[in-house]
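These notes are about the structure you will find just below.
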There are 2 protein chains.
Amino acid sequence: MGEKKEDRRVGRTRRLMQEALMALVEEKGYERITVQDILDWADVGRSTFYAHFRDKDELLLSWFEHLRTLFEQQQQALLTARRTGNAPEVNIVLDLFRYTGKHHKLYKAISGRESGEMIRKYLHRYLSGLLQPVLEGLRVSRRTLPVPVEVTTHQLVSSLLSLMTWWLDHNMPYPPEKMEEMFRILTRPSIEAALGKGAARPKEEAAVNPKGNDDSATSFYNLFIDPFCCPGR
Amino acid sequence: MGEKKEDRRVGRTRRLMQEALMALVEEKGYERITVQDILDWADVGRSTFYAHFRDKDELLLSWFEHLRTLFEQQQQALLTARRTGNAPEVNIVLDLFRYTGKHHKLYKAISGRESGEMIRKYLHRYLSGLLQPVLEGLRVSRRTLPVPVEVTTHQLVSSLLSLMTWWLDHNMPYPPEKMEEMFRILTRPSIEAALGKGAARPKEEAAVNPKGNDDSATSFYNLFIDPFCCPGR
DNA sequence: TAAGAAAAAGTACATAGTGTTTGAAAATAA
DNA sequence: TTATTTTCAAACACTATGTACTTTTTCTTA
C-alpha cells in the first residue's frame with residue numbers, strides 16, 4: 001500500500017493494452033492476435049509493450065488478475081452486507097457461474113488453446129488455495145482419510161472448472177442456478193465420502209437421516225461455498 | 001482392411017519421425033522442439049515431413065492414436081481372456097492408470113502446454129464416447145434426471161483425467177491401485193446421485209445397506225469400468 | 001530384372017512473427 | 001523550471017514455418 005505512486009502514463013498504457021487485447025480477443029481469438037495487432041489497436045510503440053510485459057501471455061494474465069480482484073471485491077462486499085444487514089446468502093459457486101457467464105466471450109476466445117490451459121491452471125491454483133484450508137477444517141477425525149485432502153481439493157476444483165467449461169462450451173444452456181445445483185448434486189456425496197462419513201455435520205446427528213435433504217449437509221455446503229471465512233490468501 | 005498395401009517407405013519414415021519426436025520430447029519437452037530438430041534426428045528431408053504431417057501437432061496426435069490402438073488391443077485381449085478362461089476382472093480405470101504411468105515421461109513433456117490441452121481434449125472425447133452410452137443404459141427411469149447424462153459423463157471423465165493429471169504432476173506418489181480406489185470413492189456416490197437413487201442396482205435390494213460395501217454397487221462399478229460391452233466406436 | 005510409379009532428398013525462398021537495441025522526443029513529478 | 005521517467009520510431013537480428021520445384025533414390029509389380 002505504501003507504494004511510490006506510479007507515473008500516470010504507466011497505468012494508462014497498461015490499460016490501453018489490456019483494452020486492446022480484449023477487443024481483439026473477441027474479434028479474432030487470442031492465439032491469432034500478434035503483438036503488432038495490439039500495438040496498432042492501442043496505438044503504442046513496440047518497445048513500450050515490451051517495457052511492460054514480457055510477452056502476450058503476461059498481458060493476458062494481468063487481465064485475469066484484474067478480473068480476479070474485481071470478483072474478490074464483489075465477494076467481500078456481499079459478505080459484509082450479509083453480516084450487517086439482511087442480505088441474501090453468499091454462494092461463491094453460484095457467483096462464479098454468474099461471473100464467468102458474463103465473461104463468456106473472453107472464455108470462448110481462449111478455450112482449448114495454450115492460453116486456455118494457462119488460465120485453467122491459474123484458476124485451479126487460486127481456487128485450490130481457497131478451498132483446501134476449508135476442507136482441512138472440515139475433516140472429522142485426525143485419522144488417515146481414505147482420500148488425502150489434497151486430492152479431494154484437486155478433485156473438487158477440477159469438477160467445478162470442468163462443469164464451467166462444459167457450460168460455456170455449450171453456450172450456457174442452463175441458468176447459473178441450475179448449474180450450481182448440478183454441481184452440488186454431483187460433488188456433495190463425494191465430499192462426504194472422501195472426508196469420512198458425517199464430515200462437517202454438527203456433532204449431534206451423525207449417522208441418521210440417509211436422505212440428503214437435512215439442513216446440516218446444507219450448512220456444511222455453505223461452509224464449503226463460503227471460503228472467505230477462512231482467508232486463504 | 002482392404003487397403004492397397006502401403007509402400008514400405010511410408011511406414012518407415014512415419015515411424016522414424018515418431019521415434020524422433022518421442023526421443024526429443026523426453027530430452028527437451030514438446031514445445032521447444034522445432035521441425036528442424038525432428039528432421040535432424042530422424043534424418044529425413046524437410047519436404048518429406050510435410051508430405052506426411054501438416055505440422056508438429058499432427059505428428060504428436062498420430063503418436064497418441066498409436067498408443068490408443070495399443071491400449072485398445074490390450075483391453076480386447078484381456079476381455080476375451082476373461083470370457084474364455086479364468087482371467088482376473090477387467091478394470092479399465094486401473095489399467096488406464098497403469099498405462100499412463102508407464103508413459104509418464106511423455107505426459108510430463110507436454111503437460112500444461114498447448115499440446116497438453118490438445119491431448120486432454122482428445123482423451124476426453126475418446127473416453128466420453130465410451131462412457132456415455134454406458135451411463136445412458138444405467139439410468140433407472142426414463143424420467144428427467146436431476147443432472148443430464150451428458151453432464152454426468154463430462155463430469156466423470158473430467159474427474160478421471162484430473163486425478164490422472166494430479167497423479168502424474170506429483171510424480172505418482174501412490175500406486176495405480178490406490179488411485180483407482182480413490183477415484184471410486186470420489187465418484188461412485190456422485191454417479192448414483194446423478195442417475196437417480198439406486199441406479200444400476202439389481203432390482204431386489206434398493207435402499208438398504210447404507211454402507212458402501214455391497215456387491216451391487218461394485219458390480220455396477222464394473223459395468224462402468226467395462227465399456228467394451230457397449231462398443232462406443 | 002526392368003519399367004514405371006511413388007517417395008524422399010536437396011535447395012532455395014517467401015513469409016511472418018518475435019524480442020532487442022538505439023537515440024531522440026514527450027510527458028510527468030517535484 | 002528541471003530532472004526523471006516513459007514513450008516512440010526505426011531498424012535489425014533471429015528463429016521458425018511452410019511451400020515450390022527439381023533431382024535422386026527406392027519400391028512395386030509385371
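Every chain is numbered from 1, with letters handed out A, B, ... down the list of sequences.
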Between the side-chain atoms of R9(A) and the base atoms of dT7(D), is any donor-acceptor pair under 3.5 Å? no
Taking dA7(C), dT17(D), dC27(D) as options, the one with an atom nearest any side-chain atom of V10(B) is dA7(C)
Please tell me which of Q36(B) and R12(B) maps to the more 5' nucleotide of DNA chain D, matching each residue to the nucleotide holding its nearest heavy atom. Q36(B)
Side chain of S47(A), base of dG19(C): donor and acceptor closer than 3.5 Å? no
Would you mind classifying the nucleic acid contact of D43(A) as base, sugar-phosphate or nothing, using non-hydrogen atoms under 4.0 angstrom? sugar-phosphate
Under a 4.0 Å threshold between the charged nitrogen and the carboxylate oxygen, would E177(B) count as salt-bridged to R98(B)? yes
Nearest to the side chain of D55(B) - dT7(D), dG18(D), dT28(D)? dG18(D)
At under 4.0 Å, does any side-chain N or O of H52(A) touch on OP1 or OP2 of dT7(D)? yes
Do NZ/NE/NH1/NH2 and the carboxylate oxygens of E117(A) and K121(A) come within less than 4.0 Å? no
What nucleotide, of dA6(C), dA16(D), dA9(C), holds the atom closest to the side chain of D7(B)? dA6(C)
Would you kindly compare F49(B) and G45(A) by the position of their nearest DNA chain D nucleotide and give the one closer to the 5′ end? G45(A)
Between H124(A) (side chain) and V157(A) (backbone), is there a donor-acceptor pair under 3.5 Å? no
Got a donor-acceptor pair under 3.5 Å from the side chain of R46(B) to the base of dG18(D)? yes
Give me the ring orientation class for Y122(A) and Y126(A): parallel if the planes are under 30° apart, tilted from 30 to 60°, perpendicular past 60°. parallel
